[in-house]
There are 2 protein chains.
Amino acid sequence: MASRNMTRAAFFVLTALADQPRHGYGILREVEELSDGEVQLRVGTLYGVLDRLAADGLIVLDREEVQQGRLRRYYRLTEDGVAALDAEAERMAAGAGAAKRRIAEGRRATAPADTTPQPPTAPGLAGGFA
Amino acid sequence: MASRNMTRAAFFVLTALADQPRHGYGILREVEELSDGEVQLRVGTLYGVLDRLAADGLIVLDREEVQQGRLRRYYRLTEDGVAALDAEAERMAAGAGAAKRRIAEGRRATAPADTTPQPPTAPGLAGGFA
DNA sequence: TCGATATATATCGGCAGCCGAGATATTCTG
DNA sequence: CAGAATATCTCGGCTGCCGATATATATCGA
């Protein structure tokens, strides 16, 4: 029963875990770093997300370590997790592309007579979300 | 005080309005069409989103028409709306790219000795969200 | 003609999920 | 020694999505 709608927070947790297993606090820092400071995943959000992702089988507990007296609980992506993240990335890229294309269309409609011939970005009308 | 975190529903409403003004029900159909049936914006979601977007100044009421005895309330994007949608599309594309790149990194780490030299997708570590 | 479906608006209550705040504990830094 | 950083986790409030419902007209097939 996986594949409910993936939330933004879940997407970034999966992304942070995509290259290697990480523990909660490490995920927090990694999300901030990989988004160049744009996305700040909050502590209060994290554990709920982790629980849901584990329940959905997208991540599993990899191992537990005690580093310098502090417990670290490492999680890693499952195969389903990789697939779900990949699919979501695809959907996002498609959505972003659709938005960009339509913005251009909107500008063309209002634009002051553009002489430059527009290359056909998409053939049909619904030319490219999925 | 615009620019709170844009929700998925809001993103798709803005995208549907990006090429031309549309009325509520038309937005519903357009979102479904532009996403090739993948995204179904619900009626119960729509009007709340419309209100919030209008309050944030991202859309405005364009005009009201009575077509075949039925009221149609058309909305259109403001300049802020176009900018917000554009920025969000950029963020999504960057996020999708980051996820894809990291999935590839993860595979490389587990892969059975890949001989094909990997082209340097990104220079730095945080090489490309924003 | 009658019922179903499509078009079109809008509200409401339940539930999921994000986040600020706080609890707890250790280590590092000034 | 104090405060920040590292590390875990819980809870309550607020926002937002969605199913259900209400209302009304037009269209279309049986």
Side-chain angles (χ1 to χ4, degrees), chain A residues 1-17 21-33 35 38-56 58-59 61-75 84 88 95, chain B residues 1-17 21-33 35 38-56 58-59 61-75 84 88 95:
Chain A
M1 287 316 142
S3 89
R4 60 185 100 188
N5 259 335
M6 189 180 300
T7 65
R8 254 211 244 305
F11 171 78
F12 280 108
V13 168
L14 293 183
T15 301
L17 293 176
R22 287 175 203 279
H23 58 100
Y25 194 80
I27 294 172
L28 251 29
R29 282 189 282 99
E30 184 63 17
V31 166
E32 181 150 13
E33 190 177 24
S35 71
E38 280 206 12
V39 181
Q40 285 202 325
L41 185 63
R42 307 299 167 145
V43 195
T45 309
L46 178 68
Y47 294 97
V49 173
L50 247 24
D51 287 347
R52 256 174 292 133
L53 289 175
D56 287 352
L58 303 186
I59 64 173
L61 184 62
D62 187 62
R63 67 189 189 276
E64 287 180 348
E65 277 180 13
V66 179
Q67 286 282 324
Q68 297 159 317
R70 294 188 204 95
L71 175 65
R72 286 180 172 179
R73 212 183 298 275
Y74 284 80
Y75 293 89
E88 182 66 13
Chain B
M1 285 312 144
S3 91
R4 58 185 101 190
N5 258 334
M6 189 180 300
T7 65
R8 252 211 245 306
F11 170 78
F12 279 108
V13 168
L14 293 183
T15 301
L17 293 176
R22 286 175 203 279
H23 58 98
Y25 193 79
I27 294 171
L28 251 30
R29 282 190 281 99
E30 184 62 18
V31 167
E32 181 150 14
E33 189 176 25
S35 70
E38 279 206 12
V39 181
Q40 285 201 324
L41 185 63
R42 307 300 166 144
V43 195
T45 309
L46 178 68
Y47 294 97
V49 173
L50 247 23
D51 289 346
R52 255 173 292 134
L53 288 175
D56 287 353
L58 303 186
I59 64 174
L61 184 62
D62 187 62
R63 67 188 188 278
E64 286 180 349
E65 278 180 13
V66 179
Q67 285 282 323
Q68 296 161 318
R70 294 188 205 96
L71 175 67
R72 286 181 173 179
R73 212 183 298 275
Y74 284 80
Y75 293 89
E88 182 66 14

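Proteins get letters first, then strands, A, B, ... in listed order; numbering begins at 1 in each. Source: prediction; values computed, not measured.
The listed nucleotides are D:dT6, C:dA8, D:dC17; the one nearest the side chain of A:Tyr25 is D:dT6. The side chain of A:Ala9 lies closest to C:dC18 when the candidates are D:dT8, C:dC18, D:dC17.
In terms of the salt bridge (Lys or Arg N to Asp or Glu O under 4.0 Å) criterion, residue partners of A:Arg73 (sequence neighbours excluded) are, by chain and number, A:Glu64.
Residue A:Tyr47 has no polar side-chain atom (N or O) positioned under 4.0 Å from OP1 or OP2 of D:dT10. One finds no side-chain N or O of B:Arg73 lying less than 4.0 angstrom from the OP1 or OP2 phosphate oxygen of C:dT7. Side-chain nitrogen and oxygen atoms of A:Arg29 include none within less than 4.0 Å of the OP1 or OP2 phosphate oxygen of D:dA5. Remark: B:Arg8 is not in phosphate contact with D:dG16, judged by side-chain N or O atoms under 4.0 Å from OP1 or OP2.
If you check every strand for non-hydrogen atoms under 4.0 Å, A:Gly48 touches nothing. B:Thr7 comes within 4.0 angstrom of sugar-phosphate atoms only, judged by non-hydrogen atoms across all strands, and of no base.
Between the side chain of B:Arg72 and the backbone N or O of B:Gln67, no donor-acceptor pair lies under 3.5 Å. Counting only distance, with no hydrogens or angles, the side chain of A:Thr45 and the backbone of A:Leu41 share no donor-acceptor pair below 3.5 Å.
Look at CG on A:Leu28: it is 11 Å from P on D:dT6, rounded to the nearest Å. Residue A:Arg42 contributes atom CZ, which lies 20 Å from atom P of D:dG13 at whole-angstrom precision. Computed from coordinates, the A:Glu32 CD to C:dC19 P distance equals 13 Å when rounded to whole Å. The separation between A:Tyr74 atom OH and D:dT6 atom C1' is 12 Å, rounded to whole Å. Here C:dC19 presents its P atom at 7 Å from CG of B:Asn5, a figure rounded to the nearest Å. B:Leu71 places its CG atom 14 Å from the P atom of D:dA24, with the value rounded to the nearest Å. In this structure, the CZ atom of B:Arg72 is 17 Å from the P atom of D:dT25, given to the nearest Å. Counting to the nearest Å, the P atom of D:dC18 and the CZ atom of B:Arg52 are 11 Å from each other.
Heavy-atom minimum distance, B:Pro21 versus B:Arg63: CB-NH1, 4.1 Å.
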- Note on the structure: With sugar-phosphate taken as primed atoms, P, OP1 and OP2 and all else as base, the protein-contact string of nucleotides 21-30 of chain C at under 4.0 Å (heavy atoms; B, S, -) is B----BBS--
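No side-chain heavy atom of A:Tyr74 sits under 4.5 Å from any side-chain heavy atom of A:Leu61. A:Leu17 has its side chain out of reach of A:Leu53: every pair of non-hydrogen atoms, C-beta onward, lies at least 4.5 Å apart.
Within the structure, the salt bridge (Lys or Arg N to Asp or Glu O under 4.0 Å) test picks out the following pairs touching residues 5-16 of chain A (sequence neighbours left out): A:Arg8-B:Glu88.
Map A:Leu41 and B:Gly26 each onto its nearest nucleotide of DNA chain C; the residue landing nearer the 5' end is B:Gly26.
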